[in-house]
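Note that ligands are numbered from 1 as they come in the structure, with each ligand's atoms numbered from 1 the same way. Computed from a predicted structure; not experimentally measured.
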Amino acid sequence: MSNKPPVQDDSDAKMKVGRPARAAAGLHGLTESLPQALSAMGPVRSAKTLLAMNQKDGFDCMSCAWPDPPHRKTAEFCENGAKAVTWEAGLLTVPREFWEANSVSSMRERSEYWLGQQGRLVDPVYKPAGSDHYQPISWDNAFRLVAGELNALDSPNEAAFYTSGRTSNETAFQYQLFARAFGTNNLPDCSNMCHESTGLAMGETIGVGKSAISYEDFAKSDLIIIMGQNPGTCHPRMLTALEEAKLAGAQIVAVNPLPEAGLINFRNPQKPRGLVGKGTDLADQFLQIRLAGDMALVQALAKRVLAAEDAAPGAVLDHAFLEESCQGLEEYRAHIANLDDAEVLAATGLRTAEIDELADRYLKADKVIVTWAMGLTQHKKAVPTIKEIVNLLLLRGNIGKPGAGPSPIRGHSNVQGDRTMGIWEQMPPVFLDALGKEFNFDPPRENGFDAVQSIRAMRDGKLKVLFAMGGNLVSAISDTAVAEEAMQKMKLTVQVSTKLNRSHAFTGEKALILPTMGRTEIDRQASGEQFVTVEDTVCAVHASHGKVEPVGTNLLSEMAIVSRLARAVLGRDHPIDWAGFEADYDTIREHIGHVCKGCEDYNAKVRRPGGFVLPHPPRDSRTFPTPSGKAIFTVSELETVEVPKGRLLLQSVRAHDQFNTTMYTLNDRYRGVKKGRHVLFVNPADLAELGIADGSYVDIHSESPDGIDRVLRQQRIIGYPTARGCVAAYFPEANVLVSLDATAEGSNTPVSKSVVVRLEKASVPAYAMGS
Ligand SMILES: Nc1nc2c(c(=O)[nH]1)N[C@H]1C(S)=C(S)[C@@H](COP(=O)(O)OP(=O)(O)OC[C@H]3O[C@@H](n4cnc5c(=O)[nH]c(N)nc54)[C@H](O)[C@@H]3O)O[C@H]1N2
Ligand SMILES: Nc1nc2c(c(=O)[nH]1)N[C@H]1C(S)=C(S)[C@@H](COP(=O)(O)OP(=O)(O)OC[C@H]3O[C@@H](n4cnc5c(=O)[nH]c(N)nc54)[C@H](O)[C@@H]3O)O[C@H]1N2
Ligand code: SF4
Ligand SMILES: [Mo]
């Protein structure tokens with residue numbers, strides 16, 4: 001084990017570009033992640049963490065929100081789960097000397113990769129006004145300082161409380177309670193940038209904004225359509241579920257501008273033949289769609305389904321279900337009949353035969369699941385696109401029966417639970433009523449700021465204090481330059497973090513970093529060892545028990561931090577028993593049981609092995625908690641993104657070795673990129689048309705209505721089999737190109753997956769000169 005940060009060179013000087021992979025996982029996956037774990041944690045800590053991961057008495061993987069199968073194997077994790085654990089539980093810590101040696105302004109020159117590699121944060125630190133350095137501070141003084149600033153505000157609405165999706169249910173519940181007891185609904189979260197479009201679209205049409213299937217449904221399905229999602233990297237164990245479904249007879253269709261490795265072929269590392277053999281060919285059909293073409297595709301599929309019904313009346317649609325449980329079919333039907341086929345072909349870039357083939361598969365299947373992630377949610381028309389998926393599924397009753405249903409696949413491991421617990425700037429009155437009744441206070445009713453609105457409010461001087469429970473808002477949000485400036489206008493910024501990131505370098509006048517324990521670590525409080533609970537993407541809630549000693553003795557749990565914050569801000573005689581929450585997490589679970597729908601008897605249910613599943617009326621009983629009690633067909637005008645000649649449409653994607661703004665390494669193995677991130681994937685035919693050479697360098701300029709020239713400089717061109725006219729760069733670097741005002745209609749999610757760009761030839765960067 002080394003005590004030195006491993007980074008020597010985080011420029012792209014040693015970048016290597018090879019061929020993209022066809023298959024995901026297999027031998028490479030395990031051989032890549034295990035040596036890293038052993039070198040960062042040593043054999044004992046590696047075994048204690050990796051073998052406890054995702055087990056019924058272990059801790060929940062802190063990476064993605066993929067669910068655990070009902071029957072667990074000894075090693076129930078994937079390569080990327082192992083990397084996430086290694087990143088958190090590795091023994092390297094940021095030494096006290098770091099803060100003297102590194103000024104805040106020097107940290108701004110560092111990459112996310114470098115910052116993350118400095119190790120775990122173990123001491124609270126404070127940057128006073130006028131200083132360019134953080135310095136150690138005691139916990140008590142830190143909380144006193146935050147309380148002083150919060151209590152000096154003219155209104156509680158001058159503070160915002162951000163949450164990232166790793167936070168446990170217990171912390172999330174306590175945190176939103178504190179924000180509301182303080183007097184504000186300013187609870188922006190990472191979900192605003194993630195599946196917000198999903199929550200809105202599904203909430204309005206079927207009454208629940210969450211996946212309407214359970215884990216077992218994959219293996220019962222006839223057809224699984226995966227849209228705008230890269231499971232091989234972002235939800236790797238989903239490939240196991242897909243393989244099982246495939247072996248049970250399901251067909252799998254991938255809709256994506258990129259031929260992502262996992263979607264095509266999968267070598268299951270849990271099976272001997274997966275390590276050496278050919279693997280399972282997953283996708284029966286791959287539709288290489290243009291960016292933002294999905295709304296047109298789904299409408300085109302529906303048109304074919306309705307035409308088939310016209311040709312054989314009574315034989316195609318699920319009439320009993322439609323009559324009993326749905327509304328709005330006739331208007332929708334009339335609207336779809338007028339769909340312009342030429343517009344569909346232009347928007348999707350697909351051939352008629354490809355759409356016919358998928359429609360045919362849909363018509364032949366009795367049970368259909370559609371899954372999606374950021375490829376659908378981060379577009380201007382994200383909400384109506386997801387509503388079209390609901391429309392399509394309703395037509396043939398593909399909801400509320402085994403093997404069928406819409407299934408958003410959520411990102412952060414507990415982003416869904418955080419929402420269930422009340423982390424939202426616009427929680428509905430039923431929740432606020434229950435919260436007020438339980439704690440005998442009057443929660444604020446006016447909606448708060450979401451993530452984009454918070455940055456605007458910071459920029460415009462309406463917010464003065466930003467408190468962040470995890471995450472890296474500056475890097476994650478769109479329009480990096482605006483976000484960096486907005487942060488620097490604040491009076492106080494507070495980041496509760498496990499590791500350094502760029503949000504620590506762009507601070508308010510005063511700033512605090514409060515280090516916290518992670519999910520792998522044993523959490524001891526006055527009443528003994530504690531556990532926390534989380535919810536996965538299919539609404540299963542279960543316990544997570546830390547297994548190893550915390551990396552530092554001065555760390556507090558997130559629960560303790562919120563409890564002490566609340567006592568410092570609201571006073572020791574505040575009627576809510578904040579101290580009790582810190583001493584025994586059962587006390588907060590008791591309240592969760594009274595306030596959050598479906599969580600009755602919470603303490604008992606989360607103690608069952610494997611936990612429990614939250615109720616979901618459409619999934620459980622084909623009932624729809626909409627105002628009319630019916631599932632609602634919606635009519636949306638097709639609108640396609642105009643890309644002027646000579647311009648391209650840019651999306652930002654995750655590399656294989658990153659988790660959001662965290663970089664484990666600079667590699668993106670499946671796409672053939674090693675040791676570099678400043679790249680742009682472009683179709684070779686587009687390169688030829690633009691007269692740009694593979695391997696050359698370009699500046700990417702984005703074009704938005706505000707006329708501001710946003711530029712990402714000196715990106716290396718990689719000729720890549722992406723859809724024509726559609727290019728890809730990495731998130732978060734590409735955020736400099738996304739205007740803060742470019743958001744999805746309704747959900748206000750930044751449109752990180754459709755930015756009109758122009759390429760200009762650039763000089764070769766100095767680091768690449770001699771290579
Ligand atoms: N290893 C790893 N795992 C992660 C994360 C991570 O950063 N790293 N992040 C977590 C989080 S918070 C999230 S939200 C999820 C994200 O999971 P994903 O959404 O799978 O991740 P992205 O890299 O954003 O990939 C988007 C995919 O959609 C495709 N796509 C883009 N635009 C379109 C479009 O218009 N139409 C269609 N059909 N496809 C499109 C892209 O080509 C890409 O394959 O992953 C979670 N898991
Ligand atoms: N261009 C573009 N922008 C995007 C996206 C995109 O696809 N393209 N995706 C969006 C999506 S889907 C999301 S979810 C957001 C992500 O936005 P965030 O959730 O804000 O970002 P993360 O990178 O996940 O946060 C990483 C930081 O969290 C802290 N951390 C890690 N574990 C813990 C913990 O247990 N407790 C605490 N308190 N802190 C911890 C660490 O300090 C780490 O540096 O980004 C969004 N931004
Ligand atoms: S699929 Fe997601 S939750 Fe499961 S082990 Fe892999 S990274 Fe962790
Ligand atoms: Mo996300």
- Please work out which of Gly518, Gly470, Ser557 has its closest non-hydrogen atom nearest to atom 39 (N) of ligand 2. Gly470
- Item | Contact (N/O only, under 3.5 Å) between Val738 and ligand 2 | no
- Item | Closest contact, heavy atoms only, His545 versus Phe59 | O-CB, 3.3 Å
- Environment of atom 8 (Fe) of ligand 3 in terms of protein N/O/S atoms, cut-off under 2.8 Å: Cys61 SG
- Is there a nitrogen or oxygen of Ser164 sitting under 3.5 Å from a nitrogen or oxygen of ligand 2? yes
- Compare Gln378, Met374, Glu196 and give the one whose heavy atom is closest to atom 5 (C) of ligand 2. Gln378
- Considering heavy atoms of the protein only, find what lies nearest to atom 15 (C) of ligand 2 and give residue, atom and distance to 0.1 Å. Ala476 CB, 3.9 Å
- Query: With a 3.5 Å cut-off and no angle check, do the side chains of Asn472 and Glu112 form a donor-acceptor pair?
  - Reply: yes
- Ring centres under 6.0 angstrom apart (His412, Phe659): yes
- Message: Would His504 count as a polar contact of ligand 2, with the cut-off being nitrogen or oxygen pairs under 3.5 Å?
- Response: no
- Message: Suppose we measure from atom 12 (S) of ligand 2 to each protein heavy atom; which comes out shortest, and what is that distance?
- Response: Arg654 NH2, 3.1 Å
- Message: So, using side-chain contact (heavy atoms from CB on, under 4.5 Å) as the criterion, who are the partners of Ala729 when residues are at least two apart?
- Response: Leu650, Leu680, Ala734
- Message: What I want to know is whether Asn501 and ligand 2 share at least one N or O pair that is separated by under 3.5 angstrom.
- Response: yes
- Query: Rounded to the nearest 0.5 Å, what separation is found between the OG atom of Ser652 and the CE atom of Met374?
  - Reply: 11.0 Å
- Examine Met517 against ligand 2 and note whether any of their N/O atoms are separated by less than 3.5 Å. no
- Message: Pairs of nitrogen or oxygen atoms closer than 3.5 Å, one from His412 and one from ligand 2: do any exist?
- Response: yes
- Query: How far is atom 16 (C) of ligand 2 from its nearest protein heavy atom, and which residue and atom name does that atom have?
  - Reply: Asn660 ND2, 3.5 Å
- Query: Does Lys753, backbone or side chain, put an N or O under 3.5 Å from an N or O of ligand 2?
  - Reply: yes
- Tell me, please, which residues at least two apart from Ser46 pass side-chain contact (heavy atoms from CB on, under 4.5 Å). Ala37, Leu38, Met41
- Query: Taking atom types as modelled, is there a side-chain donor on His195 or Thr377 under 3.5 Å from an acceptor on the other?
  - Reply: no
- Below 3.5 angstrom, do we get any N/O pair linking Gly471 and ligand 2? yes
- Residues at least two apart in sequence or cross-chain that pass ring pair (Phe, Tyr, Trp, His ring centres under 6.0 Å) with His542, listed by chain then number, are none
- Query: What residue and atom, counting heavy atoms only, is the protein's closest point to atom 30 (N) of ligand 2, and at what distance?
  - Reply: Thr498 OG1, 3.3 Å
- Who's the nearest protein heavy-atom neighbour of atom 4 (C) of ligand 2, and how far? Phe731 CE1, 3.1 Å
